[in-house]
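What follows is a single structure, written as structure tokens, with notes after it.
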Amino acid sequence: MTERLTVTEVSERSGFAPSALRYYEDKGLVDASRTPGGRRRYDREVLRRLAFIAAAKHVGLSLDEIRASLDLLPAGRTPTKRDWTRLSRSWRSRLDAEIEALEALRDGLDSCIGCGCLSLQRCRLSNPDDVLSSRGPGAAFLPAPLHPDP
């Protein structure tokens with residue numbers, strides 16, 4: 001039987017805080033067993049799973065999206081290189097949309113910050129009488145992938 005890792009060991013190796021590991025377990029992203037004293041123990045394979053989670057977060061996926069991707073694997077299996085290739089391909093259109101939105105934001109920076117604040121001439125023209133305030137707080141003119149829903 002292989003030696004199992006403690007929360008501290010997994011935290012040190014993965015870069016995730018112990019609180020994040022517990023949270024990810026609660027959300028079904030990783031599994032841990034318990035010692036007779038109730039302490040968490042992890043299989044070494046959890047490190048690859050956490051690397052997958054970190055990479056997916058860097059892509060911009062939410063934890064729900066990451067879990068949905070991991071749920072496509074048989075019985076909580078640790079992602080393989082082939083799994084990563086297959087799953088990451090499905091994120092390509094999302095990344096393309098975000099890149100397009102960032103380019104639009106970059107190209108419009110010198111004329112408008114996108115917030116509807118009425119502080120720039122273009123905003124006064126695009127948002128007379130602050131009508132966009134009815135949409136709620138935030139930058140109403142940001143491209144959709146970069147504008148969080150209120």
Criterion side chain to side chain contact (heavy atoms under 4.5 Å, CB included) on Arg41 and Leu5, from CA distance to verdict: CA-CA 5 Å; Arg41 293 293 185 264; Leu5 303 173; over 6 Å; no
Working for side-chain hydrogen bond (donor to acceptor under 3.5 Å, both in side chains), residues Asp96 and Ser93: CA-CA 5 Å; Asp96 288 343; Ser93 62; over 6 Å; no
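With contacts defined as side-chain heavy-atom distances shorter than 4.5 Å, the pair Glu98/Arg94 qualifies. Counting heavy atoms from C-beta outward, Pro79 and Trp84 have side chains that stay 4.5 Å or more apart. Side-chain contact between Leu29 and Leu50: absent, with no pair of heavy atoms (C-beta onward) separated by less than 4.5 Å.
Within the model, atoms OG1 of Thr78 and CG of Asp43 stand 8.0 Å from one another, a figure rounded to the nearest 0.5 Å. For the atom pair OG (Ser62) and CD (Glu65), the distance works out to 3.5 Å, reported to the nearest 0.5 Å. To the nearest 0.5 Å, atoms CZ (Arg92) and CD1 (Ile99) are separated by 8.0 Å. With values rounded to the nearest 0.5 angstrom, Ser88 atom OG is found 10.5 Å from Asp83 atom CG. Distance CD1/Ile53 to CG/Leu70: 6.0 Å, rounded to 0.5 Å.
The number of heavy atoms from other shown groups lying within 6.0 Å of CZ (Arg86) is above 12.
Without hydrogens or angle criteria, Arg48 side chain to Thr80 main chain gives no donor-acceptor distance under 3.5 Å.
The shortest heavy-atom contact between Asp31 and Tyr42 is O-CD2, 3.4 Å.
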List the atom pairs, with distances to 0.1 Å, where a side-chain N or O of residues 9-18 and a protein N or O form a donor-acceptor pair under 3.5 Å, not counting sequence neighbours.
{"from": "Glu9", "atom 1": "OE1", "to": "Thr6", "atom 2": "N", "distance (Å)": "2.8"}
{"from": "Glu9", "atom 1": "OE1", "to": "Thr6", "atom 2": "OG1", "distance (Å)": "3.4"}
{"from": "Ser11", "atom 1": "OG", "to": "Phe16", "atom 2": "O", "distance (Å)": "2.7"}
{"from": "Ser14", "atom 1": "OG", "to": "Val10", "atom 2": "O", "distance (Å)": "2.7"}
{"from": "Ser14", "atom 1": "OG", "to": "Phe16", "atom 2": "N", "distance (Å)": "3.1"}

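Applying the salt bridge (charged side-chain N to carboxylate O under 4.0 Å, His left out) criterion to Arg34, with sequence neighbours excluded, gives Glu25.
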